[in-house]
Each structure stands twice: as structure tokens, then as C-alpha cells.
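Beneath this line is the structure, given in C-alpha cells, with notes to follow.
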Amino acid sequence: MISATSLAGLECGFEHAVTGAGRDGGLLGAIEYSSRVAGPIVRDGHPFMAMPMGDDEVTPFAEVWRTTTGVVTGQHRGLAYACDGEYLFLCGRTEEDADLVTATEEAYLAAFEVVRLLGYPHLARMWNMVHRINEPDERGGDVYGRFCKGRALAFERGGVPAELLPAATCVGSHGGGVAFYLLACRTPRATHIENPRQTPAYRYPPKYGVKAPSFARATYLAEPDGTGRMFVSGTASIIGSETVHKGDMTRQTTTTLENIAILVGRENLSRYGINADLTLRDLDAVKVYVKHKADIPMARRICADVFAEDAGVAYVNVDICRDDLLVEIEAVASRVHPS
Ligand SMILES: C=C(O[C@@H]1C=C(C(=O)O)C=C[C@H]1O)C(=O)O
């Protein structure tokens, strides 16, 4: 195992290979970041999906969500899911050649149906990996814009208001249409958090796409024992709604890290009634998405100085949602203690 962050039932880790269910419970889901497309399926008692997120030289890993209780699994309209009484994990994929707006909307609506029918209506975290994310489409937009439109339509039809949008990531992939996965909760304990240095993404101006991206900058889950868990969305070198430091990998990386530090720091959290002070050293399950493979060593050097030595940090070579972004970082902070 490379790393693990654990708390009252749920544990997320990056593993070299999926090694089977935990001692006392089950596997809620496993997502392979590799060079192949597979699933979504329920396999060996848990949902599984593989996404092509690099070439063969990039070390594959599996993001594994374990729970201390037993899980119930199922499949619904092409989605694979598992739930444990408090958390639901779900993964899905659209066809590569499908109309992206409609396919995304339908896949998201199918996911909303699962969370509603099974009773896990509180979305906590979503990930989206979109093949050809920056390619222009025939209507003067790009593939990401079409994905955002389909997703926004699904949230509108699902009746989800902007303030309930969860933390998310949307980055490129090397194939397989749109792959997505999510975590949702049975009890309402999510607080969705914005960054004072960044325009809420759902209010981005129309020059970034006909429908703004549907996500919050972070989602905080209060745990029954008084601690909490913070999901930090994919964060980039954006101030307000503008990309800053175009073409400069070093400054984009440091600006991204500053954005995250402000997002999770005491001053920002206190605006949401969360009495905690997090720094970059509290983050784990970090993914650093790097557009150009040659920039990975630079990203490693910068990140090695700021994250804790025992933090799990994975580097993934994929495109970012804007052509001028070179790097993006997401993370999880567990066992957040009020201070
Ligand atoms: C980098 C940004 O957005 C990216 C796109 C997201 C999405 O559309 O779900 C979420 C976070 C990032 O992966 C940003 O706008 O700051």
C-alpha cells in the first residue's frame, strides 16, 4: 500500500494493486489509473473501473475506497455501485462516440436515480475523466464545454441547486468517453465550500462555456465523532475566473498550492462555521495532474516540499480542462480535528 487516510468506517488509499476486501469489512470501490479501459463492473464483490490516465511508463495505481462494514453491490443502467449504510460509491462511463451532451446528462441522471432510490441523496465528491477534453467541437466550443452542458442539465433536471453542488474534478483522459465516479452519503453532513480567491465555478462567465461548471471548491463532511473530512476539488492556477501564469509550470504549481492553502485555512473555514485550520501538510490522497509528461519531475520537486512525507501523492499525465492550464491538484484531508 502506498498510503491510506482513514476515519470512522471509510478509508481511501492509493494501492499498487487491488488486494481484496479489508479485514473487517468490504471494498466500496476501486478505480484503476492505468493505460487501459475496463468496466464499470461489479467484480470480486466491488465496483471496479479502469481509466487510461497515462502511458505504460507512468506507474499505474488503484484508488481504493474501503469500509469497515459490509457492502451491498449492484448495477443499474450501466453503472456499478456499492453502499455500506452510510456511504455509496458509484462509477459509470459514456460511450466514446455518443453525443456528449445527451450521454453525460443521461449518465448523470441515472446516477441521481441510484442515489435517490437507495437513499444516499447527499453528494459529497465527484470525479470526471473526459477523453479529448480540449478538442474543439463543431460549434465553436470544446469537448469540456459539452460535458459541462450535459452535467448542468442533469443537475437542473435533478433539482440540485448551486449551493448543493459537491466538490469535483474534471480532467482529461487517454480514451473511453467520459468516465466518472462519485461518493454520496445517507445523512446530511456535507458543507460545500468556496475559495475567496476564486469565482465560484458555477458563476464563471459564459466565455468559458454556455453552461458553467457544476462543482464546489471543496466539500467538508462532519463525522459523528466530532472530526471531519475535507475533499478538495481539482484546483488550478486560476484567480477570479482567469488562468494566471500561462506557460509557466513553476508559478502555476505554486499558485495552485496557494489556492488550496487559502481554501482549507482557518479564515476560510470559519466562514462556514467550521472550526479547523488545515495546511497543505494535512492533505493526503493527493493527485497531481500534469499536462506535459516532461513537467512531472518539476511538479514532484515542488510538491515534495509542501506535502507531508507520509502523504500519498500520485502524478497523472493527462490534459487539464483549459488548454492554458499545465497542472491541477486535488486532495483529501481526513481526521480533521476542530481546533
Ligand atoms: C480547474 C478547474 O476546474 C476543473 C474542472 C472541474 C469540473 O468541471 O468538475 C472541477 C475541478 C477541476 O478539475 C477550475 O475551474 O478551477
Side-chain angles (χ1 to χ4, degrees), residues 33 51 53 92 94 100-101 104-105 107-108 111 123-134 141-155 160 162 164-173 178-183 192-219 230-246 252-253 255-264 285-291 299 314 316-332:
Y33 284 64
M51 311 180 304
M53 298 297 282
T94 67
L100 196 65
V101 176
T104 302
E105 183 183 359
Y108 260 65
L123 297 172
R125 182 64 166 98
M126 302 186 83
W127 290 263
N128 306 277
M129 279 67 191
V130 178
H131 188 210
R132 305 197 169 99
I133 190 164
N134 270 310
D142 60 11
V143 167
Y144 177 59
R146 295 180 67 67
F147 164 78
C148 283
K149 183 172 176 191
R151 174 174 59 175
L153 291 173
F155 275 118
V160 180
L164 289 185
L165 293 171
T169 292
C170 181
V171 291
S173 75
V178 175
F180 69 100
Y181 59 105
L182 66 81
L183 265 178
H192 306 295
I193 294 169
E194 290 301 319
N195 190 327
R197 206 154 77 139
Q198 299 188 296
T199 308
Y202 51 81
R203 293 208 197 109
Y204 277 173
K207 72 168 178 177
Y208 294 110
V210 279
K211 290 279 187 186
S214 318
F215 71 96
R217 298 292 174 190
T219 293
M230 181 75 76
F231 293 111
V232 176
S233 291
T235 305
S237 180
I238 293 176
I239 295 185
S241 60
E242 298 285 329
T243 300
V244 296
H245 308 310
K246 291 181 187 172
Q252 283 206 10
T253 309
T255 302
T256 298
L257 293 166
E258 279 163 25
N259 281 345
I260 296 176
I262 291 167
L263 178 70
V264 302
V286 179
K287 283 189 220 118
V288 183
Y289 300 101
V290 181
K291 182 183 174 97
V316 183
N317 175 216
V318 288
D319 218 343
I320 315 295
C321 66
R322 292 183 189 178
D323 206 24
D324 53 16
L325 289 173
L326 301 172
V327 60
E328 172 175 322
I329 302 176
E330 64 167 57
V332 182

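As a basis for the values below, the full set of heavy atoms in this structure was taken, side chains included, without hydrogen atoms, waters or symmetry mates. Residue indices begin at 1 and follow the sequence shown. One-based numbering, in listed order, for ligands and for the atoms of each. All values derive from a computational prediction rather than experimental measurement.
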Taking 4.0 angstrom as the limit and counting only heavy atoms of Ala236, give me the atoms of ligand 1 inside it, by number and element. 1 (C)
Close-contact set for ligand 1 against Arg151 heavy atoms, below 4.0 Å: 7 (C), 8 (O), 9 (O)
Looking at Arg125 and Glu330, does any basic side-chain N land under 4.0 Å from a carboxylate oxygen? yes
Count the heavy atoms of every other residue, nucleotide or ligand shown that sit under 6.0 Å from NZ of Lys291, and state whether that count exceeds 12. yes
Subset of ligand 1 atoms that lie under 4.0 Å from at least one heavy atom of Tyr144: 5 (C), 6 (C), 7 (C), 8 (O)
Considering Tyr202, Phe147, Phe215, which one's heavy-atom position lies nearest to atom 3 (O) of ligand 1? Phe215
Sole candidate of Asn259, Leu263, Val332 that passes side-chain contact (heavy atoms from CB on, under 4.5 Å) when paired with Val232: Leu263
Give the atoms of ligand 1, by number and element, whose distance to some non-hydrogen atom of Pro213 is under 4.0 Å. 8 (O)
I'd like to check which ligand 1 atoms, numbered from 1 as shown, lie under 4.0 Å from a non-hydrogen atom of Tyr204. 14 (C), 15 (O), 16 (O)
Atoms of ligand 1 close to Ile238 [distance to a heavy atom under 4.0 angstrom, numbered from 1]: 14 (C), 15 (O), 16 (O)
Backbone or side chain, does any N or O of Cys170 fall under 3.5 Å from an N or O of ligand 1? yes
Is Lys287 close to Trp127 at the side-chain level, that is, under 4.5 Å between some pair of heavy atoms? yes
Does any part of the side chain of Thr169, heavy atoms only, come nearer than 4.5 Å to the side chain of Glu328, both counted from C-beta? yes
Under 4.0 Å, heavy atoms only, figure out whether ligand 1 is touched by the backbone of Glu330, its side chain, both or neither. neither
For atom 16 (O) of ligand 1, which candidate among Arg217, Met129, Glu328, Met126 holds the nearest heavy atom? Arg217
Pairing donors with acceptors under 3.5 angstrom, does anything connect the side chains of Tyr108 and Asn128? yes
Please state which part of Ala168 comes within less than 4.0 Å of ligand 1, counting heavy atoms only: side chain, backbone, both or neither. both
Do Glu242 and Lys207 meet the salt-bridge criterion of a basic N to acidic O distance under 4.0 Å? yes
Side chains of Ser173 and His131: is there a donor and an acceptor less than 3.5 Å apart? no
So, 4.0 Å and heavy atoms of Cys321: is ligand 1 close enough to count as a contact? yes
